[in-house]
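Input: a single structure, listed below in structure tokens.
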Amino acid sequence: MIEKTKHEIKDIIMRALGALTARGEIEATTLPAFNVEIPAESSHGDFSCNAALTCAKTLRMKPRDLATLLHNEADLNESSFARCEIAGPGFLNFFLNEKWYVETVKTVLEQKENYGRVNSGNGKRVLIEFVSANPTGPMHIGNARGGAIGDCLAGVLEFAGCYVEREFYLNDTGNQIDKLGLSLDYRYQQLAESDGSPVEMPDDSYHGDDIIQHARGFRELYGDEPLALPQDERRRMLVDYALPINIKTLETDLLRYRIKYDTWFRESSLYETTDTAKSAAVEIVDKLGQNGYTYEKEGAVWFRATDLGLDKDIVLIRANGVPTYIVADIAYHYNKLVTRGFDLAIDIMGADHHGYKARMETALKALNVDYKRLNIIICQMVRLVRGGETVKLSKRSGKAITLRTLLDEVPIDAARFVFNLRDANTHLDFDLDLAIEESSKNPVYYVQYAHARICGVIRKLEEEGEFYSGGGIVFSEPAEFGLIRKIAMFPTEVALAADEFNPSRLTRYVVDLAGLYHRFYDSCRIKGEAEKTIQSRLALCLSTRLTIKNVLGLLKVDAPEKM
């Protein structure tokens, strides 16, 4: 309704300009584009147009004089507007009529669960990779934020008309896996030692309880026989035992968090070869070389990144023949955009990846791939707060808070909602006390309570035999108009959230919508009013409920009918 109304105003202005030109009251010439916006102050109208200010210079007129001509010529008959006023230096402010409000409510009731869907994505194929935590241990709180943002963004893009796939990139090879093998091996040896000589854990190893549990499970399965094997073989056995358990744990925790991936992409697959084909990692180095962007120095293969604007070149293949991690990263993004042919790849990454974007964009340029098809969203740090103090340990376990322990302490709805309250690139304070508080201070409770309150109103009316009949409706109160204007904004907010890759627009939107409903509830009676008023306000309740439920559905947050 918002975009449709903006186009309607532009049509009114264009017809007025055409009529003025035909009568010779303004010069026949090419005019610049003008905008229609929603003013911050409702006293300035429901929509404001700057056509007079934009076109006045070209027509060699004073903006106010041109605004007067346009105002007098504008035909509002059969339009969505009750009146148009001139304001300030020449703005044209349009005020909606009752017909617009009625049509908006009826549109929501007709479209139901599809209300808010737009087609701004136009079928674009999008791959969103998010969380991608190293499978060497449990997910930390930063992964929890990235998971909520990535999954909700995927939902928004789908609602905006894109084809979306969710992907988890498994770092199942490289230094962190070697470190996992080392850590497991030391814990295994500690369990098996019998002569009283302790085996000390290296400082740079993993010291978590999960490593001890894996070592115990491995020993229960294989006993002490692997101690006689060469170290490398034993460590491979330990990793082969523990890694699938870790991956399954990641999957289980993420499913609990309502995240289901279409693909779990293994880094190791980029190094796989066949009798007839090189690995994807080797192929990507070859492609960079064929394009003139590699050279050898001191036995290593380097990427000429400085030729494309980076401040230093990058090692691709070490002198010992082992690829650096960036080779797999480049091959992975080439796989996304070229091999699998996604139109757009979106990475949700942690705050320690600021330099990653520039390196990947530079590599894509060297491969003749449009780097603008890759979008990297950096999630800033999360500070957990309880009682106004920073918290680093779980209240229940006394250990570092992971995704699992967070969900043991706060509702999933609260976690998903709160992590999407702020733009990804801003720091976030997550108040653990507020997340479980049943009050209007808790934003997710505030929104869910609005939905439950509407359900209660409708339920009580239906118990008394009052159902919405689909007949004529009418609105007259400011609280009704404000609520309907906000409902009408939902499709626009979906389009903007998809365009900006920013699902937090929708959490803020639905909090505002809930507030306007609570205001309407307090000021507009339903029971005991005239039948037409009852029908109208019942229709408004139904359309508000649908809108709130559709927003929460995108966020995968429950919309309870009772609280």
Side-chain angles (χ1 to χ4, degrees), residues 128-154 156 168-169 171 176 204 206-208 250 253-254 257-259 325 329 346-360 374-437 441-444 497 500-508 511 555 557:
I128 303 185
E129 179 223 327
F130 57 103
V131 179
S132 297
N134 283 336
T136 53
M139 285 176 286
H140 57 70
I141 206 69
N143 299 137
R145 186 184 191 190
I149 291 173
D151 197 40
C152 292
L153 176 57
V156 169
F168 191 112
Y169 181 63
N171 298 108
Q176 72 279 356
D204 63 344
Y206 297 124
H207 289 234
L250 290 174
D253 289 349
L254 287 163
Y257 201 30
R258 300 172 188 162
I259 297 174
Y325 76 91
D329 287 345
I346 300 173
D347 296 355
I348 312 290
M349 311 194 85
D352 55 344
H353 285 78
H354 282 287
Y356 189 86
K357 177 179 172 66
R359 292 194 294 273
M360 284 302 106
L374 171 63
N375 287 267
I376 295 177
I377 298 171
I378 300 295
C379 285
Q380 292 299 334
M381 301 296 291
V382 177
R383 186 173 76 104
L384 295 174
V385 178
R386 183 185 286 117
E389 300 291 331
T390 300
V391 178
K392 293 184 178 180
L393 300 178
S394 168
K395 188 175 182 180
R396 295 185 180 183
S397 67
K399 299 171 184 175
I401 294 183
T402 63
L403 172 61
R404 177 176 290 186
T405 54
L406 176 73
L407 298 183
D408 286 340
E409 295 198 23
V410 304
I412 295 170
D413 287 338
R416 290 185 64 98
F417 197 93
V418 172
F419 281 131
N420 273 290
L421 270 177
R422 301 282 181 270
D423 295 359
N425 63 0
T426 61
H427 291 271
L428 177 70
D429 283 354
F430 190 111
D431 191 322
L432 294 165
D433 295 326
L434 185 60
I436 60 174
E437 185 175 307
K441 295 178 183 179
N442 179 349
V444 67
E500 298 171 6
F501 306 139
N502 182 13
S504 71
R505 289 192 68 104
L506 293 178
T507 51
R508 295 194 293 269
V511 169
L555 302 171
V557 170

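In what follows, residues are counted from 1 in the order of the sequence shown.
- Side-chain polar atoms of N134 and T136 form no donor-acceptor pair below 3.5 angstrom.
- Taking the side chain as every heavy atom from C-beta outward, L403 and I141 never approach each other to under 4.5 Å.
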D347 and Y356: CA distance, side-chain angles, deciding distance, side chain to side chain contact (heavy atoms under 4.5 Å, CB included) verdict:
CA-CA 11 Å; D347 296 355; Y356 189 86; 4.3 Å; yes
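- When all heavy atoms of G147 and V131 are compared, the pair lying nearest together is CA-CG2, 3.5 Å.
- When all heavy atoms of H353 and I378 are compared, the pair lying nearest together is O-CD1, 3.8 Å.
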After noting the C-alpha distance and the side-chain angles of D253 and L407, does the key distance pass the side chain to side chain contact (heavy atoms under 4.5 Å, CB included) rule?
CA-CA 9 Å; D253 289 349; L407 298 183; over 6 Å; no
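- For the residue pair R422/S504, the side-chain donor-acceptor check at 3.5 Å is not satisfied.
- Taking 4.0 Å as the cut-off between side-chain N and carboxylate O, D431 and R383 do not count as a salt-bridged pair.
- Distance check: F430 CZ to L421 CG gives 9.5 Å after rounding to the nearest 0.5 Å.
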Does M139 form a side chain to side chain contact (heavy atoms under 4.5 Å, CB included) with L250? I'd like the steps, not just the answer.
CA-CA 7 Å; M139 285 176 286; L250 290 174; 3.5 Å; yes
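- Expressed to the nearest 0.5 Å, how far CG of D151 lies from CD1 of I259 amounts to 4.5 Å.
- Two residues are said to be in side-chain contact when any heavy atoms from C-beta on lie closer than 4.5 Å; L153 and I128 meet this criterion.
- Within the 4.5 Å cutoff, side-chain heavy atoms of F419 are placed close to those of L428.
- Among all heavy-atom pairs drawn from A415 and Y257, the shortest one is CB-CE1, 4.0 Å.
- Side-chain atoms of N143 come within 3.5 Å of backbone N or O of H140 as a donor-acceptor pair.
- Taking CG of L374 as the reference point, atom CD1 of I346 lies at 9.5 Å (rounded to 0.5 Å).
- Using modelled atom types, one side-chain atom of N442 and one backbone atom of V444 make a donor-acceptor pair closer than 3.5 Å.
- Contact of the Y206 side chain with the Q176 side chain is registered, since non-hydrogen atoms from C-beta on lie closer than 4.5 Å.
- Minimum interatomic distance between A424 and R145 (heavy atoms only, all atoms of both residues): O-NH1, 3.6 Å.
- Looking at T507 and N420, their side chains never bring a donor and an acceptor atom within 3.5 Å of each other.
- The two residues C379 and I149 make their nearest non-hydrogen contact at SG-CD1, 3.7 Å.
- Distance alone, capped at 3.5 Å, is enough to place a donor-acceptor pair between the R416 side chain and the L555 backbone.
- Remark: R505 CZ is packed, more than 12 non-hydrogen atoms of other residues, nucleotides or ligands lying under 6.0 Å away.
- Here the side chains of R386 and D433 are in contact, with some heavy-atom distance below 4.5 Å.
- Between F168 and L254 the shortest side-chain heavy-atom distance falls below 4.5 Å.
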Assess whether side chain to side chain contact (heavy atoms under 4.5 Å, CB included) is satisfied between K441 and L434, documenting all intermediate values.
CA-CA 7 Å; K441 295 178 183 179; L434 185 60; 3.7 Å; yes
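- When every heavy atom of G150 is checked against every heavy atom of I348, the shortest pair comes out as CA-CG1, 4.0 Å.
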